[in-house]
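What's counted below: heavy atoms across the whole structure, side chains too, no hydrogens, waters or symmetry copies. Residue numbering restarts at 1 for every chain, and letters A, B, ... go by the order of the sequence lines.
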Amino acid sequence: MLQLGYACINVQLAEKGITTNRGMIKRTFQAKGIGYASELALQNVQALFRILQWNVRQGIRVFRITSELFPWASEYELEQLPDFTAIRRTLEEAGKLPIRLSTHPGPFNKLAGSGPTLDNTIRDLEIHSRLFDLMGLEPSHWNKINIHVGGAYGDKNETIRRFAENFRKLSPNLQKRLTVENDDKPGLYTVADLLPLHALTGIPIVFDYFHHRLHPGPLSEEEAFQKAYGSWDMRPVFHYSSSRREHEEPTAAREAHADYIYEPINTYGKEVDIVLEAKMKEQALARYQKEFGKIA
DNA sequence: GCATGTCAAGTTGTG
DNA sequence: CACAACTTGACATGC
């Protein structure tokens with residue numbers, strides 16, 4: 001009924017140095033260049049493989065891959081990495097594991113943007129799609145590349161139209177993978193706001209329960225859930241997190257995620273995969289299952 | 001080792 | 001009006 005996963009980091013493996021987001025600041029990249037980026041990327045990819053194996057052994061079937069596997073990826077072609085062959089081999093093996101993978105490119109991706117912002121966005125999104133290609137994953141929403149619209153530019157409807165227009169500039173594989181998520185900010189996009197975008201493009205809507213609570217718009221949680229569910233051409237992936245302010249730290253920002261999940265997730269009788277966005281990662285998942293059971 | 005200041009990118013609203 | 005928040009705090013420096 002409900003398959004749970006988590007995002008990017010495994011805290012117990014991270015303690016042992018198994019992390020996928022080794023990176024560097026700009027001046028280090030300028031000093032050390034692509035050779036060092038390659039070393040870090042290879043280590044990241046190898047760690048990814050180990051984390052995925054760990055997940056599979058634990059029965060975890062859903063996982064989000066970090067967007068920082070390749071340091072400064074926008075500055076070179078992946079083939080140029082000295083360790084590209086080893087990286088590709090590792091990714092191919094990782095791609096064969098029985099786990100549903102997705103990515104969530106960062107807030108700098110503004111597909112409704114213009115000029116260099118749009119160029120940078122397309123480049124970054126294509127790199128994510130390329131990663132999935134290298135892993136041998138068939139292009140579909142099974143492996144989503146999920147972003148926010150992320151900016152209203154003073155006119156939500158016009159911005160949706162521009163997003164749809166720019167969507168057509170993406171490679172076919174990327175188009176088949178892209179999804180959009182409801183925002184948590186009052187000026188941005190609720191599930192209801194995203195429906196027209198889905199109508200224009202077929203892009204599925206990722207329902208984020210926590211964002212919906214912060215910024216529901218006209219729909220109830222169940223209505224928003226069902227609308228988002230109906231926008232998918234397969235079993236959806238949704239996101240869930242609990243409020244840090246409500247449960248852990250009264251002074252935390254309202255959007256801040258809690259370390260753990262504090263309430264059972266209602267999936268309204270549907271089959272869905274859910275990525276838990278909780279700071280304690282796999283520990284939060286384990287605690288959720290202990291507390292609320294595997295089935296919602 | 002560990003504390004601390006700094007770090008690519010865009011946009012928004014909180015504090 | 002600075003800055004935190006977002007996907008994920010981590011890197012580099014200096015004590």
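Within the structure, a side-chain polar atom (N or O) of A:Thr28 is placed less than 4.0 Å from OP1 or OP2 of C:dA12.
The side chain of A:Arg254 sits closest to B:dT14 out of B:dC7, C:dT8, B:dT14. Side-chain proximity of A:Arg64 to B:dA8, C:dT8, B:dT14: nearest is C:dT8. Residue A:Glu68 places its side chain closer to C:dT8 than to any other of B:dT11, B:dT14, C:dT8. Listed nucleotides: C:dA10, B:dG10, B:dA8. Nearest to the side chain of A:Ile9: C:dA10. The A:Glu75 side chain lies nearest to B:dA8 when the options are C:dT8, B:dA8, B:dT12.
Using a 4.0 Å heavy-atom criterion, one finds that A:Gly106 contacts the bases of the nucleic acid, with or without backbone contacts as well. Backbone-only contact: A:Arg245 has heavy atoms under 4.0 Å from sugar-phosphate atoms and none from a base.
What separates CD of A:Glu249 from P of B:dG15 is a distance of 12 Å, to the nearest Å. One can place CG of A:Asp119 at 16 Å from C1' of B:dA8, the figure rounded to the nearest angstrom.
Legend: side-chain hydrogen bond (donor to acceptor under 3.5 Å, both in side chains) pairs involving residues 72-82 of chain A, not counting sequence neighbours, sorted by first then second residue: A:Glu79-A:Arg130.
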Could you list the protein-to-nucleotides 2-6 of chain C atom pairs, N/O on both sides, closer than 3.5 Å?
unit_1 : atom_1 : unit_2   : atom_2 : d
C:dC6  : OP1    : A:Glu255 : O      : 2.9

